[in-house]
Amino acid sequence: MPSLEDPLEIGVVEIPNRLYRAPLLECAGNGSDAVETLIADLEPAAASGVGLICQGATIVRGEGGCAAPGMTRVHDPEFVSQLSRLTDRIHDHGGRIFLQLEHGGLRSMETWHAEFRREHPALEQLAVSRPPWQLRALDRAGFLEYDPHVLTTEEVYDLAADFGRAAGYAADAGYDGIHIAGANMGIVQQFLSPFYNRRDDEFGGSPEARLRFLAVVYEEIRERAGEIPVMAKVPAETPAPPAPLVRRKLSLEDGIEIARRLEKIGYDAVVPVETSVAWDMSIARGEYPDRAWANEALQEGYDAAFGGPLRKRLVAAANRAEALVYDAEPAWNEEFCRRVRERVSIPVLAEGGIRERGQMDRLLGDAAGRDDTPPACDMVGLARPFYAEPRLGARLLEDDAAGSAERDVRVLCESCNNCTVPQAAGAPGICRTPSVLGRRGELERAGAYDRG
Ligand SMILES: Cc1cc2nc3c(=O)[nH]c(=O)nc-3n(C[C@H](O)[C@H](O)[C@H](O)COP(=O)(O)O)c2cc1C
Ligand code: SF4
């Protein structure tokens with residue numbers, strides 16, 4: 001059975017080991033410091049030995065579609081060409097970097113961010129279909145605001161072409177692969193999901209038709225970016241909300257079938273993720289972030305985002321309820337990944353609540369004969385732990401030169417989510433829990449993040 005240190009091929013690209021940094025919003029924007037911000041965020045992981053860096057979601061269009069403030073747009077070839085400085089830095093350390101492509105659709109800031117809406121009153125949300133009644137009810141109650149523009153068939157092809165164009169620019173800038181944001185309630189999931197997709201053209205109606213958008217995106221990428229590997233997050237909308245609130249959603253079996261069909265289309269790897277139809281904590285499970293909501297310096301930003309103190313308190317209350325539902329169960333996508341892996345022969349990447357080296361070995365099937373359970377995945381990914389420890393790879397991977405990496409190592413991140421809510425206010429994605437940062441300082445001083 002492979003170990004974390006063994007290489008893996010994703011399509012035509014060899015990844016030097018099986019540890020990846022899962023995508024996390026960098027909030028780097030497109031300004032003059034964007035490339036430096038991305039380098040500062042992503043290079044430490046590569047320098048610590050991580051085999052694959054998945055850059056956080058970037059938007060394929062020049063206007064609208066951002067799920068959060070400060071997302072980087074990749075519609076402009078001039079801008080994307082500057083990202084070669086980032087890809088060069090990652091390659092200097094022997095790592096690989098994939099760019100994640102996305103459009104928020106009904107999840108865009110033009111739906112939920114009060115100040116952004118005021119500043120861009122003419123922006124409509126791109127919609128796969130008319131918003132479901134649950135979202136219209138939230139609109140009527142004043143929590144969300146919709147001016148949806150339902151894509152015509154021709155416009156769906158145009159949007160897919162934008163994914164292809166951005167992939168072409170990324171390939172030119174030295175990216176090693178493309179990652180499609182398919183399971184964070186953005187427009188790709190909205191095409192896949194029966195909750196959102198009620199179309200009656202070739203992009204809706206049957207499970208296969210709901211997958212057609214990803215098939216056309218794939219063709220566009222192949223046409224414009226050659227043989228670059230393409231992978232996608234695959235959603236199963238299993239956890240919530242329950243019936244009768246939501247009856248039409250993707251089951252685990254549906255998610256497995258989507259992964260199987262993606263392989264047939266030509267996708268080179270899949271990342272199965274149990275998620276929700278709503279914009280909740282299902283993809284980043286953990287505790288209610290007390291400290292983040294109480295942070296005085298962020299109150300103004302929260303008020304601007306959520307539309308005043310009352311709505312802010314309601315969002316915080318909803319967040320508290322979600323934290324009860326979405327407990328950070330270890331490796332919560334393990335079963336979904338294992339079920340997908342039984343049905344496909346392309347690599348399966350697992351992420352979500354993976355926190356210990358021993359657990360990683362077990363997921364990869366390298367449990368030194370202690371267990372006959374088949375492997376759940378071919379690579380293991382961590383996201384928030386890289387906010388807490390940007391050079392985490394050095395602690396998790398065996399290093400021939402230094403001979404380090406204890407097998408019982410556990411990451412410092414406590415899944416407390418203090419890093420998540422501030423991003424709604426445009427604050428950068430960093431670990432904000434002092435006890436964790438204090439322990440990182442101790443490890444730094446002890447040389448735990450040095451590589452030989
Ligand atoms: C602040 C934050 C931003 C995220 N941004 C992205 C993103 O841009 N694209 C994506 O596919 N997933 C995103 N995710 C989900 C992560 O990739 C990952 O699946 C999730 O955090 C669970 O892994 P973890 O428990 O190791 O953090 C984000 C998660 C968090 C907490
Ligand atoms: S604030 Fe720090 S410890 Fe808490 S979830 Fe984020 S990275 Fe992990």
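Each ligand, and each atom within it, is numbered from 1 in the order the structure gives.
Protein residues with a heavy atom under 4.0 Å from ligand 1 are Ala22, Pro23, Leu24, Leu25, Gly56, Ala57, Gln100, Asn184, Lys233, Ile283, Ala284, Trp332, Glu351, Gly352, Gly353, Arg355, Leu382, Ala383, Arg384, Pro385, Tyr387, Thr420, Gln423.
The set of protein atoms (N, O or S) found at less than 2.8 Å from atom 2 (Fe) of ligand 2 reads Cys431 SG, by chain and number.
Once rounded to the nearest 0.5 Å, the distance linking CD of Glu334 with CD1 of Ile354 reads 8.5 Å.
Shown here for Tyr326 and Asp280, the closest heavy-atom pair between the two residues is OH-OD2, 2.9 Å.
Using modelled atom types, one side-chain atom of Arg338 and one backbone atom of Pro374 make a donor-acceptor pair closer than 3.5 Å. A donor-acceptor distance shorter than 3.5 angstrom exists from the side chain of Thr72 to the backbone of Gly29, with no hydrogens or angles considered.
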In residues 419-432, what donor-acceptor pairs under 3.5 Å come from side-chain atoms, sequence neighbours left out?
unit_1, atom_1, unit_2, atom_2, d
Thr420, OG1, Asn417, O, 2.8
Gln423, NE2, Tyr387, OH, 2.8
Arg432, NH2, Pro428, O, 3.0

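Remark: of the listed residues Arg395, Arg384, Arg410, Arg395 is the sole one forming a salt bridge (Lys or Arg N to Asp or Glu O under 4.0 Å) with Glu389.
For the pair Glu257 and Arg260, the salt-bridge criterion is met [side-chain N within less than 4.0 Å of a carboxylate O]. We find that Asp88 and Arg85 are not joined by a salt bridge, their nearest charged nitrogen and carboxylate oxygen being 4.0 Å or further apart.
Every atom of ligand 2 with a heavy atom of Asn417 under 4.0 Å away is listed here by number and element: 4 (Fe), 5 (S). Shown in contact with Ser415 at under 4.0 Å from a heavy atom are these atoms of ligand 2, numbered in order with element: 5 (S).
Between Phe203 and Phe213, the angle of the ring planes goes over 60°, which puts this pair in the perpendicular group of the 30/60° scheme.
Counting only residues at least two apart or on different chains, the salt bridge (charged side-chain N to carboxylate O under 4.0 Å, His left out) pairs with a member in residues 284-305 are Asp303-Lys312.
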